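Remember, it's a predicted structure, so these values are computed and weren't measured experimentally. By convention in this document, chain letters (A, B, ...) are assigned in the order of the sequence lines, proteins followed by strands, and residues within each chain are numbered from 1.
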2 protein chains.
Amino acid sequence: MERSQLLRGVLDVAVMAVIAERDGYGYDIQRRLTEAGFDGMGEATIYGTLRRLYRAGSLSSYSQPSDEGPHRRYYGLTDAGRRQLDDGRSAWTEFSDAVGRLLATQDDKEGVPA
Amino acid sequence: MERSQLLRGVLDVAVMAVIAERDGYGYDIQRRLTEAGFDGMGEATIYGTLRRLYRAGSLSSYSQPSDEGPHRRYYGLTDAGRRQLDDGRSAWTEFSDAVGRLLATQDDKEGVPA
DNA sequence: CGTGCTACCATGTGCAGCGAGGTAGTACTC
DNA sequence: GAGTACTACCTCGCTGCACATGGTAGCACG
């Protein structure tokens, strides 16, 4: 419930980063994110994000049969998606730097002044 | 609209970090956060966060008159708040490390010839 | 033919950041 | 003493999105 809030605004870029490395489908992307340290995410979160990014034009998609189960819907980055990923990277860097600086400040006070 | 999502889950800890440095009131906290790099936040965001944290028992509060305007409602950290801030710090570190690692992975496929 | 894995999708809920709008106190000017 | 501006607080309603829940379907093994 804590992480779910932190994920906001990062999930999109995280999914795109995974896809940038290699095209993937929902089930697979979830596993790869889990391995990357984002564990405990429900399927609805992934599929919702994929659909949103697809509708926004950041992802392309194609269907492919599988030997081990139902068909798979693969997603890949479009040019717009790649640009968006770059923007997200710098936005993240800037943001996390600001947070890092803020959290690094030591709590001087302990007793209330007045 | 992009930053608003990133703020989720971080605002609480950011506000607490600012207060840890020195007790503050809404208007003041907003300015201090702006100086820290979080600009463009509306008042409703700050006041909503303060009230939420206060209700949760993370903050204490006391009112004080001011020479330069209406009374000020100061907020300070409770022990629970200080603990929560520490937890938030480590949660943030862990999370931002994971994101950093993920975003650092290079997009291999790019120069892949047709 | 039941159990389990893979793989997809749709619906509903809750939370929180934020826009918009309102109320006061102080202070300066014209 | 009306107008403007800054300080300082509050409330209401909207919206976006992570997530829970629940459903469908293909493959495989016993």
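Of the side-chain N and O atoms in A/Y25, none sit less than 4.0 angstrom from OP1 or OP2 of C/dC8. For C/dA16, the OP1/OP2 oxygens have no side-chain nitrogen or oxygen of B/R51 closer than 4.0 Å. Note on A/R55: every side-chain N or O is 4.0 Å or more away from OP1 and OP2 of D/dG16. Phosphate proximity of D/dC9 to B/R73: absent, as no side-chain N or O sits under 4.0 Å from OP1 or OP2. Side-chain N/O atoms of A/Y27 include one lying less than 4.0 angstrom from OP1 or OP2 on C/dT6.
The CZ atom of B/R52 sits 12 Å away from the C1' atom of C/dC18 (whole-angstrom rounding). The OH atom of A/Y75 sits 14 Å away from the P atom of C/dA7 (whole-angstrom rounding). Taking atom CG of residue A/L53 and atom C1' of nucleotide D/dC17, one finds them 12 Å apart after rounding to whole Å. Rounded to whole Å, atom C1' of C/dG17 lies 12 Å from atom CG of B/L6. One can place CZ of B/F38 at 12 Å from P of C/dG17, the figure rounded to the nearest angstrom. Protein atom CG of A/L50 is 9 Å distant from nucleotide atom P of C/dC9, rounded to whole Å. At whole-Å resolution of the value, CD in B/Q30 and P in D/dC6 are 14 Å apart. Nucleotide C/dG17 holds its P atom 6 Å from the CG atom of B/D12, rounded to whole Å.
Partners of A/R32 under the side chain to side chain contact (heavy atoms under 4.5 Å, CB included) rule, at least two apart in sequence or in another chain, are A/V18, A/E21, A/R22, A/D28. For B/Y25, the side-chain hydrogen bond (donor to acceptor under 3.5 Å, both in side chains) partners two or more places apart in sequence, or in a different chain, are B/R72.
Nearest to the side-chain atoms of B/Y47 among the listed nucleotides D/dC9, C/dA7, C/dG17 stands D/dC9. With D/dC9, C/dC8, C/dG17 as the choices, the nucleotide that has an atom nearest any side-chain atom of B/T49 turns out to be C/dG17.
A salt bridge is defined here as a Lys NZ or Arg NE, NH1 or NH2 lying under 4.0 Å from an Asp or Glu carboxylate O, and A/D39 with A/R3 fails to meet this definition.
On a pure distance criterion of 3.5 Å, no polar donor-acceptor pair joins the side chain of A/R8 and the base of D/dA18.
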Query raised in the report: Can you give one letter per nucleotide of nucleotides 19-30 of chain D, going 5' to 3': B for a protein heavy atom under 4.0 Å from the base, S for sugar-phosphate only, - for none?
Result: BBB---BBS---
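Rounded to the nearest 0.5 Å, atoms CZ (A/R51) and OG (A/S61) are 11.0 Å apart.
The shortest distance between side-chain heavy atoms of B/I29 and B/T49 does not fall below 4.5 Å. With contacts defined as side-chain heavy-atom distances shorter than 4.5 Å, the pair B/I19/B/L50 qualifies. Under the 4.5 Å side-chain criterion, counting only non-hydrogen atoms from C-beta, B/W92 is not in contact with B/V13.
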